[in-house]
Amino acid sequence: MSRIKRGTTTRAKHSRILKQAKGYYGRRKNTIRIAKQAVEKAGQYAYRDRKVKKRSFRALWIQRINAAVRAEGLTYSQFMHGVKLAGIELDRKVMADLAMNEGGVFTAIIAQAKAALPKAA
């Protein structure tokens with residue numbers, strides 16, 4: 001049985017982790033045991049925050065739409081209900097962009113949503 005030396009694979013593993021830990025503070029960047037923990041934790045944060053990013057952007061779009069709609073005398077929920085009834089199939093991202101950059105177009109959408117809302121009894 002011949003002897004297997006694994007120095008090259010270990011070094012490759014270590015250098016890969018240390019490359020990922022580049023820019024970290026203190027021993028987190030150059031000690032393999034600590035760098036490995038830091039990189040693993042960073043990966044957990046990255047995975048979690050990819051989902052949080054989607055949540056926070058949706059919340060931002062809703063805030064922008066709400067601000068623009070309240071200037072026209074509606075609430076966000078009334079507006080969204082009117083949009084559904086009017087059959088306007090724009091998502092919140094596009095509507096928030098219209099509210100920010102294309103005020104006239106968004107005012108027309110608000111008018112359509114208002115018209116589609118049933119009259120209050």
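- Note on Leu117 and Phe79: same hydrophobic cluster, where clusters join Ile, Leu, Val, Met, Phe, Trp and Tyr whose side-chain heavy atoms are under 4.5 Å apart, directly or indirectly.
- In the hydrophobic clustering of ILVMFWY residues, with side-chain heavy atoms under 4.5 Å counting as a link, Ile65 and Val105 come out together.
- Once rounded to the nearest 0.5 Å, the distance linking CD1 of Ile32 with CD of Gln37 reads 10.5 Å.
- Crowding of Glu40 atom CD: a count of heavy atoms from other residues, nucleotides or ligands under 6.0 Å not exceeding 12.
- The distance from atom CD1 of Ile62 to atom OG of Ser77, rounded to the nearest 0.5 Å, is 11.0 Å.
- Minimum interatomic distance between Lys29 and Leu18 (heavy atoms only, all atoms of both residues): O-CD2, 3.5 Å.
- Cluster membership for Ile88 and Val69, using ILVMFWY side-chain heavy atoms within less than 4.5 angstrom, is shared.
- Heavy-atom minimum distance, Ala86 versus Gln112: CB-O, 4.1 Å.
- We find the CD-CD1 distance between Glu72 and Ile109 to be 12.0 Å, quoted to the nearest 0.5 Å.
- With values rounded to the nearest 0.5 angstrom, Ile110 atom CD1 is found 12.0 Å from Arg70 atom CZ.
- Atom CD of Gln44 has more than 12 heavy atoms from other residues, nucleotides or ligands within 6.0 Å.
- Remark: Lys41 is positioned above the aromatic ring of Tyr45, its terminal NZ or CZ atom under 6.0 angstrom from the ring centre and at most 45 degrees off the axis.
- Counting non-hydrogen atoms of other residues, nucleotides and ligands closer than 6.0 Å to NZ of Lys114 gives a total above 12.
- A 6.0 Å sphere centred on NZ of Lys51 holds more than 12 heavy atoms belonging to other residues, nucleotides or ligands.
- For the atom pair Ile34 CD1 and Ile17 CD1, the distance stands at 13.0 Å (nearest 0.5 Å).
- Of all the heavy atoms in Arg28 and Ala38, the pair that sits closest is NH2-CB, 3.6 Å.
- The cluster map of Ile, Leu, Val, Met, Phe, Trp and Tyr, joined by side-chain heavy atoms under 4.5 Å apart, puts Leu90 and Phe106 in the same cluster.
- If you take CG on Leu85 and NE2 on His81, they are separated by 4.0 Å, rounding to the nearest 0.5 Å.
- Checked by atom type and distance alone, the side chain of Lys84 never pairs as donor or acceptor with a backbone atom of Met80 at under 3.5 Å.
- Summarising the local packing, CZ of Arg33 is surrounded by 12 or fewer heavy atoms from other residues, nucleotides or ligands at distances under 6.0 Å.
- Residue Arg50 comes nearest to Lys54 through the heavy atom pair O-NZ, 3.1 Å, listed as atom of the first residue, atom of the second, then distance.
- Asp91 places a side-chain N or O within 3.5 Å of a backbone atom of Val94 that can act as its donor or acceptor partner.
- Considering all non-hydrogen atoms of both residues, Trp61 and Arg92 come closest at CB-O, 3.8 Å.
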